[in-house]
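Note sheet for the following structure.
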Amino acid sequence: MRYILFSLFSLSLLACPSGPPKTIKAFNHSFSNYNEVQVEHLSLNLNVKFEKKEIWGTATLKIRNEGKAHHIILDTKGLSVDHVASLDNGKLTESTFSLGAEDTILGRALIIPITDSTSEVSVAYHTLPGSEALQWLSPEQTHDKKHPFLFSQSEAILARSWIPLMDVPARRFTYDATVKVPKELMALMSATNPTVRNDSGVYHFRQEKPIPSYLLSLAVGDVGFKNLGRNTGVYAETGYLDSCAWELQSMQAMVDSAEALYGPYAWGRYDLLVLPPSFPFGGMENPCLTFATPTIIAGDRSLVSLVAHELAHSWSGNLVTTATWNDFWLNEGFTVYFEQRIMEKVYGQNYAEMLAALGRGELELTLKELMADQARRADTRLFLNLDGRNPDDGMSDIAYEKGRFFLRHLEQTTGRRDWDRFLKNYFRDLAFKSTTTTLFLDKLNKELLTTPELQQKADVRTWVYGEGIPSYATPVVSTELERVNADLAMSKQGFTAMLNNIKPETYTTHHWLHFLRNLPSYIVRATVGEQVFTQRIQNIR
Ligand code: BES
Ligand code: ZN
């Protein structure tokens, strides 16, 4: 009877809540009231169930109700919220909650009543098979084909599909987690990680540095670990762990070079997890543990600039974080620039300039496409307006490559010495904070572009708020690609003459790609038995 009464009471609260806001307006791709309530720490307790492809868990958020709000509003997407409890003056009680209307991009708000003295809210929930951040792989989809695999991808706004939280890059929190997985598998997160499997299948994690929600991550699989250097190592399925370690031999040198450029590495260890083939990105900069596609394991160490990129995010993105997805170029443009500087330090200027020239080529193609379309021209600005759109729309060569070439232009305008000093201070002053385009430009004007001449030459407003790329932008000259161009030019004297001229041992994957992309169309003739086949091979572009 008491139970029925209690249920009726809570039902009535749910049905007729005294004050939850009726319609919740989203701001910066989040329903959460992050300007009123601060989340300081997240404690996760997760049970990863492969049979049903579900995670059952509890997310406990330690909060500070600074704005004296009557509710805390969290983001969810494709989650089943089962129970909510809150801790008020040291007393834990079951709480009512309600869910807002579903938005196809943003998901649903989870509204929980709180008081001035609520210090924790705890949400018991489970993910549904449609939880977009989670990829459940069958054994056949892995390298070793013996065990299933799970990995998450939270950026940009998918953390809410496996954890109820305030899903905004403008706020940071520390976290700890206890994760239970099948005994044959090991769990890894963007935190302190185990290096060996244990027989209980229970793993504990701590991330003591505050991170934005999009950097929460989890991977579960039959993986092993190999140390690479002082604070670097690699995780991969055991069947190719050795090849991965060989390919990533330069990882420690990269970390050391990055530190020499822009200041100390803030995250303790830098490890990399090589994922099974279906990983939908090249890489993801999850703190302490970069996630990377196995396609970088090329056998010739030619694709490791991806590691330089994800490592660079340990400063640009993870340490100094874009406050909104409209300022996404601050994460990616800075990272591509920094990646190039790491590559230059480890592999020399010729190699790094070749990568820059290839990037410039990609940018020109993207610009041609976007500028031809009246509706998409505005997307060639560095600072975007993504309100009402999926923030993933901002993931284009504009943020990455136009961003990089803007910073390169600043370097060329001010000189490398002053520019590097400014950038190092930028990472130091804004460490563990979020940043916006305006904030960056203010700092730039105050600390680096200190004369009217420099300001005029830097022309930052055109670069940031204007479409396309200024016509005066200095082209990239790559001696390596010039060499390939010279080989290509030999085709005038015949296909065989051209091929004979190439020294394959001096070509990397990047040389070959440039070669193939610029091969003129030609006719291939093959004789099979009595039959002659002819085929026109078009230029790949
Ligand atoms: N942070 C990005 C991946 C990302 C961006 C995921 C936006 C979701 C939304 C990561 O650092 C990245 O840029 N990866 C690139 C590879 C890189 C070498 C350019 C990728 O996966 O293509
Ligand atoms: Zn990136």
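Quantities reported herein were computed from a predicted structural model and do not represent experimental measurements. In what follows, residues are counted from 1 in the order of the sequence shown. When a ligand or atom number is given, it counts from 1 through the structure's own listing order.
- Aromatic rings from Phe440 and Tyr426 are positioned such that their centres are separated by under 6.0 Å.
- Residue Glu332 touches ligand 1 through its side chain alone, judged by heavy-atom distances below 4.0 Å.
- Every N/O-N/O distance between Met395 and ligand 1 stays at or above 3.5 Å.
- Under the 6.0 Å cut-off for aromatic ring centres, Phe173 and His41 do not qualify, their centroids lying 6.0 Å or more apart.
- The closest protein non-hydrogen atom to atom 12 (C) of ligand 1 is Tyr400 OH, 3.4 Å.
- For His309, a nitrogen or oxygen atom sits less than 3.5 Å from a nitrogen or oxygen atom of ligand 1, counting backbone and side chain alike.
- Counting heavy atoms closer than 4.0 Å to ligand 1, residue Glu155 contributes atoms from both its backbone and its side chain.
- The two atoms that bring Gly466 and Lys402 nearest to each other are O-NZ, 2.9 Å, heavy atoms only.
- Proximity to Glu285 (heavy-atom distance under 4.0 Å) selects the following atoms of ligand 1: 1 (N), 2 (C), 10 (C), 11 (O).
- Of all non-hydrogen atoms in Pro210 and Phe432, the two that sit nearest each other are O-CD2, 3.7 Å.
- The single protein non-hydrogen atom nearest to atom 14 (N) of ligand 1 is Gly283 O, 3.2 Å, given as residue, atom name and distance.
- Here the two rings, on Phe406 and Trp329, have centers that are under 6.0 Å apart.
- Of the options Glu401, His313, Glu310, the smallest heavy-atom separation from atom 15 (C) of ligand 1 is shown by Glu310.
- The closest protein non-hydrogen atom to atom 21 (O) of ligand 1 is Gly282 N, 2.6 Å.
- Looking at heavy atoms from C-beta onward, Trp325 lies in side-chain contact with Tyr214 at the 4.5 angstrom threshold.
- The minimum distance between the Zn ion (ligand 2) and any N, O or S atom of Glu332 involves atom OE1.
- Checked against a 3.5 angstrom limit, the closest N/O atoms of Phe328 and ligand 1 fall outside it.
- Under 2.8 Å from the Zn ion (ligand 2) lies no N/O/S atom of Glu285, from backbone or side chain alike.
- Across all non-hydrogen atoms, the minimal contact from Arg108 to Leu99 is NH2-CB, 3.6 Å.
- For the pair Glu339 and ligand 1, the shortest N or O to N or O distance does not fall below 3.5 Å.
- Partner of Met371 under the side chain to side chain contact (heavy atoms under 4.5 Å, CB included) criterion, chosen from Thr380, Thr366, Ile469: Thr380.
- Below 30°, between 30° and 60°, or above 60°: for Tyr240 and His143 the angle between ring planes is below 30°, a parallel geometry.
- Annotation for ligand 1: atoms under 4.0 Å from non-hydrogen atoms of Gln153 are 6 (C), 8 (C).
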